[in-house]
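Since the structure comes first, as structure tokens, the remarks are kept for the end.
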Amino acid sequence: MLKFVGRAVAGFALFFVSFVAVGGVMSAASHPVPRGTMVDIGEGRTLRLVCEGSAADRPVVWLEAGAFGFAADWGATQAALTAAGWRSCAYDRAGMGFSPPGPAPRDGLAVVGDFEKLVAASGEKGPFILVGHSMAGLRLREYAGRNPGQVAGLVLVDAATPEASNSAMARFIEAFATASKWAARGASIGLFKPLAHTPMGDKIGLPPAAKAEKRWAFANGGHNRTAAQEVVLWPEAAAQAAAVPAYDPAWPVAVVTAGPLKGREAWKAIQSAPATASRHGYVDHVEGASHTRLLGEGFAGHIVKAVAFVAGAGKGG
């Protein structure tokens, strides 16, 4: 994790070098037409929802994005799930992507509360397979603890856990929060716009429609400010998630991680713990993937395989 912080700092430095190289030219990322629909979650608030595929007799797959992420992050995964016969739903948290801002603070209670309202308003029938990437591991733990009857199984994609967010992680979380604040400031004054259509605008490897959304959000001030607020509240969100019951050992849990196991055994063991504790656990270390590209077109098949495992284990398969 600390190496990730170092790469983030290096990436931020590269950004400024690139900005100088282009002479500060403001080539704005065009505003794409959002996919999906806006769903009323009550009290005059809406969230953007993107559902694809047919449910048939399978559980619906709900996808929760990580820090700075929104529905676009799952574009390649949703396409792969649809091709494999699954129905999936991804969404933009309040203030992220194309969803209007929500009330502060944007901690775990606020995020999961909104998600509960969205699931209820969507009309999708549970129990569901819940899939979360990165920081979304905290959201899934809290949602599952509060709504056990809605859980058919879980897939944790290079995900954080509440237990990992302790003193050993404090330096990483603090550094990430600081970097997030600077990213929000840079996006707010337009510094990211020249780079929106470079590889920095889409580090995942998304299909065209989702790629356009991701590039737009990369340079959008409001999106980045909300994302930074969420990251700053990581410790609170972790404590809130840890306060609910742990995953039921009867729930199938698949863990998909990015990068090689060798040299990272301790961190991989922390990530894999929810699957290890399950009576139906599955772990897949995808050596060729990075934390972001694990969601892209090149590696989304690993997530589909994990979803299929969870569904089969839930049926006793």
Side-chain angles (χ1 to χ4, degrees), residues 1 59-67 69 93 106-120 126-170 172-173 230-231 233-258 261 264-285 291 294 303 306-317:
M1 296 298 287
V60 175
V61 180
W62 277 92
L63 303 155
E64 178 72 61
R93 295 187 296 276
R106 301 312 301 167
D107 59 3
L109 295 177
V111 171
V112 174
D114 283 357
F115 181 58
E116 290 169 335
K117 295 171 186 175
L118 177 63
V119 170
F128 307 107
I129 294 176
L130 306 174
V131 181
H133 176 241
S134 192
M135 191 180 179
L138 306 179
R139 321 301 193 195
L140 263 56
R141 169 69 173 272
E142 187 166 346
Y143 178 83
R146 287 165 48 161
N147 303 273
Q150 292 281 53
V151 181
L154 303 105
V155 178
L156 303 174
V157 184
D158 217 33
T161 66
E163 291 74 20
S165 302
N166 53 26
S167 57
M169 284 279 291
F172 161 73
I173 294 171
E230 290 185 349
V231 172
L233 291 172
W234 184 317
E236 288 84 349
Q240 291 160 354
V244 303
Y247 294 139
D248 187 332
W251 291 339
V253 178
V255 169
V256 183
T257 75
L261 175 61
R264 303 176 67 197
E265 289 86 357
W267 174 243
K268 295 277 190 175
I270 292 172
Q271 289 184 299
S272 302
T276 304
S278 171
R279 292 200 287 269
H280 307 283
Y282 167 94
V283 178
D284 179 14
H285 300 302
H291 182 67
L294 186 55
I303 300 173
V307 167
F309 167 84
V310 166
K315 293 182 178 179

Q: With side-chain contact (heavy atoms from CB on, under 4.5 Å) as the test, would you mind laying out the steps for Asp284 and Phe309 before giving the verdict?
A: CA-CA 11 Å; Asp284 179 14; Phe309 167 84; over 6 Å; no
(Q) Can you confirm whether Ser272 sits close enough to His285 that some side-chain heavy atom of one is under 4.5 Å from a side-chain heavy atom of the other? (A) yes
Q. So Phe115 and Trp62, ring pair (Phe, Tyr, Trp, His ring centres under 6.0 Å) or not? Walk me through it.
A. CA-CA 10 Å; Phe115 181 58; Trp62 277 92; 5.4 Å; yes
**Q.** Separation of Glu230 CD from Met135 CE (nearest 0.5 Å)
**A.** 6.0 Å
Q. Sub-3.5 Å donor-acceptor pair from the side chain of Lys268 to the main-chain atoms of Ala258, do we have one?
A. yes
Q: For the residue pair Thr161 and Arg141, establish whether any side-chain heavy-atom pair is separated by less than 4.5 Å.
A: no
Q: Please examine the side chains of Trp251 and Pro148, heavy atoms only from C-beta on, and report whether any two atoms are closer than 4.5 Å.
A: yes
**Q.** Short side-chain to backbone donor-acceptor contact, Gln240 and Leu109, under 3.5 Å
**A.** yes
Q: Could you tell me whether a side-chain N or O of Glu236 sits under 3.5 Å from a main-chain N or O of Asp107, the two making a donor and an acceptor?
A: no
Q: Check Leu294 against Ile303 and note the closest heavy-atom contact, atom names and distance.
A: O-CD1, 3.8 Å
Q | Nearest non-hydrogen partners of Pro59 and Pro127, listed with the distance | A | CB-O, 3.8 Å
Q. Taking atom CZ of Arg93 and atom CZ of Arg139, what is their separation to the nearest 0.5 Å?
A. 5.5 Å
Q. About how many Å separate CG of Leu138 and CD of Glu64, when rounded to the nearest 0.5 Å?
A. 10.0 Å
Q) If every non-hydrogen atom of Ser278 is compared with every non-hydrogen atom of Pro252, which pair is closest and at what distance? A) OG-CA, 3.9 Å
(Q) Asp114: which residues meet the salt bridge (charged side-chain N to carboxylate O under 4.0 Å, His left out) condition with it, sequence neighbours left out? (A) Arg45, Arg106
Q: Give, for atom CG of Leu156 and atom OG of Ser134, the distance between the pair rounded to the nearest 0.5 Å.
A: 11.5 Å
**Q.** Heavy-atom side-chain contact between Tyr247 and Val151 under 4.5 Å
**A.** no
Q) Rounded to the nearest 0.5 Å, what separation is found between the CD atom of Gln271 and the OG1 atom of Thr257? A) 5.5 Å
Q | Considering all heavy atoms, the nearest Gly108-Ala237 contact | A | N-CB, 3.8 Å
Q) Of all heavy-atom pairs between Ala159 and Gly132, which one has the smallest distance, and what is that distance? A) CB-O, 4.0 Å
Q.
Please check: side-chain N/O of His133 versus main-chain N/O of Leu63, any donor-acceptor pairing under 3.5 Å?
A. no
Q) Name the one of Val310, Leu154, Val253 that satisfies side-chain contact (heavy atoms from CB on, under 4.5 Å) with Leu130? A) Leu154
